[in-house]
Amino acid sequence: MTLFRNKNIKKILILSISLFLSKWIFSFYFFSENLSVRIIFESVADGHYWYPYTKYLAFFEFNNSFDPFIDDLKIIALPVSGIFIHSIFLKIFGYSAFVIIELFAIFLFLIIFYKIFSYFFSENESIVLSLLLFTIPSIVTILNIENLPYINLLKSSFYSLRVPRPMINSLYLFTFLYLLISMEKEVIINKKKFILLGLILGLSLSSFYYFFVIETTAFLFFLIYKFKFDFLKKILEQRKNFLLSIFFFLLSILPFFLNLLFHEKDFTERQCIFNLDFERKRILLDHYLNGYIKIEFLSFFIAGSFLVYLANKKKILNCEIINIFFILFLASVFAPIIFIILSNKSCVLYHFNNAIVVWAFLFAIIYFITILKHFFKIELNINVCRIFFVLISFLYCLNTYLEKENKYNNQFVKNERIEFQKVTKLINDNINISNSTFMTFDSDLMIWAILNNVKYLNLINSLIVPKTDVMIENDLIKSFKFLNLNVYDFKYFLRNKKESWRYLNREVRTFFALKYQANSLITFNDSKNFDAELAKNIFSSSPLYLQQSAIPNEEFVRLEKKFKKTKLENFNEPEIIVLEKLKPIYKKITINKQDYRKLYDGNIYVLYFKKNPLILSR
């Protein structure tokens with residue numbers, strides 16, 4: 001391929017492979033697992049929760065209920081452009097797709113920023129800077145500064161290999177940044193660039209709409225920056241190119257909107273989508289405007305604006321890159337205001353806050369590097385760059401090794417992975433899972449089962465199935481009754497409890513996601529019926545605590561009545577049951593020993609098989 005004849009591209013590929021291999025070599029060194037288990041435990045943060053979506057898209061399974069008594073579901077809402085690359089690779093390479101894509105993502109990240117920086121710096125310096133940006137999270141960890149204010153956001157929200165955000169979604173944003181830079185340094189308007197603009201905006205909207213709002217705001221600011229008060233005139237002059245961009249934008253969002261047209265409404269409501277009426281808009285706008293007049297933000301904003309003015313006034317070498325990064329920072333500041341005013345629905349707005357912090361840091365880093373290079377005339381020769389290649393790569397690999405070693409030395413994490421591997425191997429060795437019903441409260445086991453083509457699931461995480469809320473309630477209640485649990489166990493299981501700085505019951509999160517989000521802006525059905533202390537905490541909390549949950553008292557009453565009325569009918573008894581011994585509910589569960597035999601009993605998991613010779617062994 002012509003691309004790889006370029007010596008700098010070869011360098012980037014070698015660096016990408018080195019960074020990629022460090023994670024997976026250490027993973028295989030510390031843990032002995034099959035690939036379907038390894039990709040779950042090696043996913044960044046909760047990225048593996050997106051693996052079922054990837055499989056649904058790869059095999060066009062949009063309305064699987066995993067229930068023999070339900071076959072008329074609407075389809076699940078998918079972030080199509082955030083996962084379609086994974087889906088294509090999954091179809092071709094199987095589980096290995098989730099590994100291969102990581103190399104693909106690292107390489108693309110380095111290439112995009114290399115292209116951006118090469119407009120302003122030498123080619124080797126551009127590779128160094130790209131590598132430096134990619135390893136920011138590792139450097140933050142190595143320096144042990146992640147607890148400093150805002151630094152942890154830079155580590156978690158700038159770029160990582162979490163699926164699909166920021167692994168894929170952020171690459172669209174960075175490609176948009178590259179497009180702005182190329183418009184700044186070359187011809188601003190031509191057909192190719194406007195086709196690419198339309199595609200990027202469409203892919204961003206259908207994968208992570210926060211970035212779409214930031215990109216459209218940034219492009220408007222860019223036009224004003226380039227054409228001043230004539231920007232509207234320029235748009236009219238170039239209307240054919242803008243219409244071309246709109247056409248490709250609409251084309252790229254078509255699959256996403258078709259998906260939304262037929263999706264299950266309860267599913268998106270569980271993802272915390274809520275209506276933005278006038279009062280809620282007012283509350284959110286007040287919250288953001290109050291944040292913008294705080295001394296910390298105002299100081300940075302005024303100082304940044306003044307420094308950008310000085311850089312342009314003094315004609316600092318390469319001040320164009322400063323301008324573009326400042327435009328992205330400005331866009332991230334104005335984006336939530338624009339979104340709140342224009343949108344009729346909203347979700348977790350803190351993603352806008354994270355973007356403000358990230359682009360503030362990136363702007364500061366780029367400004368510092370540019371000024372340093374301008375005043376000290378720094379030119380890194382090839383030998384110095386090679387030292388940086390080795391040093392930065394070493395820090396990344398060292399951090400990767402330490403992370404894997406820490407997991408291995410954490411007895412709970414180690415036992416969990418070992419037992420998870422044992423349990424899943426026993427299932428694969430003894431039962432045809434593709435013809436079986438599986439019961440577990442563990443979301444990771446649910447994901448593993450879906451990836452391994454399980455036929456039915458008695459219980460399923462509410463964010464990976466398009467069932468209605470009523471169906472999920474029925475599943476949970478019937479499973480409780482099957483396990484000989486009573487209504488008091490059920491209420492305790494769903495109880496409101498505080499975790500760290502917020503109210504969050506992980507069991508409620510598993511089966512109802514953010515249906516019961518609770519803060520000063522919104523509660524379930526706008527209820528105010530909570531116990532006194534809980535109500536005080538909820539209604540004094542930030543309107544951006546959208547991942548905080550609490551079930552109102554009247555909802556507990558309704559669920560209790562439903563539990564008592566529900567009978568164990570149309571219940572598909574599981575062939576496989578895996579329980580977690582550390583969950584409080586485990587001690588109350590009774591398994592019928594006449595129908596089930598215990599095949600594994602560890603410190604974390606217990607595995608039961610139904611005494612049914614028709615499904616034992618293959």
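Being a predicted model, the structure only gives us computed values, none of them experimental.
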*Tell me yes or no: between the side chains of Ser118 and Ser126, is some donor less than 3.5 Å from an acceptor?*
no
_Heavy-atom pair with the smallest gap, counting every atom of Leu317 and Thr370_ = O-CG2, 3.3 Å
_side-chain contact (heavy atoms from CB on, under 4.5 Å) for Leu90 and Phe98? Distances and angles first, verdict last._
CA-CA 7 Å; Leu90 180 64; Phe98 297 106; 3.9 Å; yes
*asked:* Under a 4.0 Å threshold between the charged nitrogen and the carboxylate oxygen, would Lys281 count as salt-bridged to Asp286?
replied: no
*asked:* Between Asn259 and Ile76 (side chain of the first, backbone of the second, donor and acceptor by atom type, cut-off under 3.5 Å), is there such a pair?
replied: yes
*What's the verdict on ring-ring contact (aromatic ring centres under 6.0 Å, His included) for Phe211 and Tyr172, showing C-alpha distance, side-chain angles and the deciding distance?*
CA-CA 9 Å; Phe211 287 168; Tyr172 298 142; 9.3 Å; no
*Going by heavy atoms in the side chains, are Ile324 and Glu320 under 4.5 Å from each other?*
no
*asked:* Which heavy atom of Leu260 sits nearest to which heavy atom of Ala77, and what is that distance?
replied: CD2-CB, 4.3 Å
_Looking at Leu154, is its backbone amide N or carbonyl O close enough to the side chain of Ser157 to form a donor-acceptor pair, meaning the two atoms are under 3.5 Å apart?_
no
_As a quick check of understanding, evaluate ring-ring contact (aromatic ring centres under 6.0 Å, His included) for Phe363 and Phe326, giving each step before the final call._
CA-CA 6 Å; Phe363 161 69; Phe326 189 66; 5.1 Å; yes
_With a 4.5 Å cut-off on side-chain heavy atoms, are Tyr396 and Leu131 touching?_
no
_Using the side-chain contact (heavy atoms from CB on, under 4.5 Å) criterion, which residues pair with Phe394? Sequence neighbours excluded._
Leu398
*With a 4.5 Å heavy-atom cut-off, do Phe306 and Phe301 have their side chains touching?*
no
*If you take all heavy atoms of Thr400 and Lys23, which pair is closest and at what distance?*
CG2-CA, 3.5 Å
*Do Ser393 side-chain atoms and Val390 backbone N/O form a donor-acceptor pair below 3.5 Å?*
no
*Spacing of OG belonging to Ser81 relative to CD1 belonging to Ile253, to within rounding of 0.5 Å*: 10.5 Å
*Could you tell me whether the side chain of Asn124 and the main chain of Ile382 form a donor-acceptor pair under 3.5 Å?*
no
_Check: Thr135 side chain, Ser138 main-chain N or O, donor-acceptor pair, under 3.5 Å_ = no
*Residue pair Glu186, Lys193: steps toward the salt bridge (charged side-chain N to carboxylate O under 4.0 Å, His left out) verdict*: CA-CA 11 Å; Glu186 299 172 358; Lys193 287 180 180 177; 3.4 Å; yes
*Just one of Leu153, Asn152, Ile151 clears the side chain to side chain contact (heavy atoms under 4.5 Å, CB included) bar with Lys155, so which one?*
Asn152
*Do Ser520 side-chain atoms and Phe539 backbone N/O form a donor-acceptor pair below 3.5 Å?*
no
*Test Phe329 against every option in Phe361, Phe300, Phe334 by the ring-ring contact (aromatic ring centres under 6.0 Å, His included) rule and name the one that passes.*
Phe300
*Is it true that the side chains of His48 and Ser43 contain a donor and an acceptor less than 3.5 Å apart?*
yes
*In Å, rounded to the nearest 0.5 Å, how long is the span from CD of Glu379 to SG of Cys385?*
9.5 Å
*On the 0 to 90° scale, with breaks at 30° and 60°, tag the Phe158-Phe174 ring pair as parallel, tilted or perpendicular.*
tilted
*asked:* Looking at every heavy atom in both Arg280 and Asn275, which two are closest together, and how far apart are they?
replied: NH1-O, 2.9 Å
*May I ask you to decide whether Asp266 forms a salt bridge with Lys515, counting only side-chain N to carboxylate O separations under 4.0 Å?*
no
*Would a 4.5 Å heavy-atom cut-off, applied to side chains only, mark His287 and Ser542 as touching?*
yes
Can I get a per-line list of side-chain donor-acceptor pairs under 3.5 Å for residues 214-226, giving both atom names and the distance, sequence neighbours left out?
| unit_1 | atom_1 | unit_2 | atom_2 | d |
| --- | --- | --- | --- | --- |
| Glu215 | OE1 | Ser204 | OG | 2.9 |
| Glu215 | OE2 | Ser204 | OG | 2.9 |
| Thr216 | OG1 | Phe212 | O | 3.0 |
| Thr216 | OG1 | Val213 | O | 3.0 |
| Thr217 | OG1 | Val213 | O | 2.7 |
| Tyr225 | OH | Glu184 | OE1 | 3.4 |
| Tyr225 | OH | Glu184 | OE2 | 2.8 |
| Tyr225 | OH | Asn323 | ND2 | 3.1 |
| Lys226 | NZ | Glu184 | OE1 | 3.1 |

Could you list the donor-acceptor pairs under 3.5 angstrom formed between side-chain atoms of residues 348-360 and any protein atom two or more places apart in sequence or on another chain?
| unit_1 | atom_1 | unit_2 | atom_2 | d |
| --- | --- | --- | --- | --- |
| Tyr350 | OH | Gln547 | NE2 | 3.1 |
| Asn353 | OD1 | Tyr288 | OH | 2.5 |

_Any side-chain heavy-atom pair of Pro466 and Lys74 under 4.5 Å_ = no
*Begin with the C-alpha distance, continue with both residues' side-chain angles, and end with the deciding distance and a verdict on side-chain contact (heavy atoms from CB on, under 4.5 Å) for Phe104 and Ile85.*
CA-CA 10 Å; Phe104 172 79; Ile85 299 174; 4.1 Å; yes
_N/O donor-acceptor pair under 3.5 Å between Gln548 side chain and Tyr503 backbone_ = yes
*Which pair of non-hydrogen atoms, one from Ile112 and one from Leu171, has the smallest distance, and what is that distance?*
CD1-O, 3.9 Å
_Heavy-atom side-chain proximity of Phe121 to Lys373 below 4.5 angstrom_ = yes
*asked:* Using the rule given for side-chain contact (heavy atoms from CB on, under 4.5 Å), can you reason through Leu307 versus Ile371, listing the C-alpha separation, both sets of side-chain angles and the distance that settles it, and then say yes or no?
replied: CA-CA 10 Å; Leu307 289 172; Ile371 293 296; over 6 Å; no
*Taking side chain as C-beta onward, heavy atoms only, is Leu284 less than 4.5 Å from Leu276?*
yes
*Is it true that a side-chain atom of Lys315 and a backbone atom of Asn312 form a donor plus acceptor pair closer than 3.5 Å?*
no
*Take atom NZ of Lys294 as the centre, draw a 6.0 Å sphere, and report whether it contains more than 12 heavy atoms from other residues, nucleotides or ligands.*
no
*Taking atom CZ of Phe389 and atom CD1 of Ile127, what is their separation to the nearest 0.5 Å?*
4.5 Å
*For residues Pro79 and Ser207, report the shortest heavy-atom separation together with the two atoms involved.*
CB-O, 4.1 Å
_Any side-chain to backbone donor/acceptor pair from Ser343 onto Ile340? Under 3.5 Å, distance only._
no
*Please check if the side chain of Thr523 supplies one atom and the backbone of Ala518 the other of a donor-acceptor pair under 3.5 Å.*
no
*Stepwise side-chain contact (heavy atoms from CB on, under 4.5 Å) check, Leu205 with Phe257*: CA-CA 10 Å; Leu205 176 60; Phe257 271 90; 4.1 Å; yes
_Side chain proximity check, Thr175 to Leu203, heavy atoms < 4.5 angstrom_ = no
*asked:* Are more than 12 heavy atoms, taken from residues, nucleotides or ligands other than Tyr150, located less than 6.0 Å from that residue's OH atom?
replied: no
_As an exercise, state the distance from SG of Cys347 to CZ of Phe274, rounded to the nearest 0.5 Å._
7.5 Å
*asked:* Parallel, tilted or perpendicular: which one describes the rings of Tyr53 and Phe267, with boundaries at 30° and 60°?
replied: perpendicular
*How long is the gap from OG on Ser182 to CG on Leu177, to the nearest 0.5 Å?*
10.0 Å
*NZ on Lys192 to CD1 on Ile195, rounded to 0.5 Å*: 9.0 Å
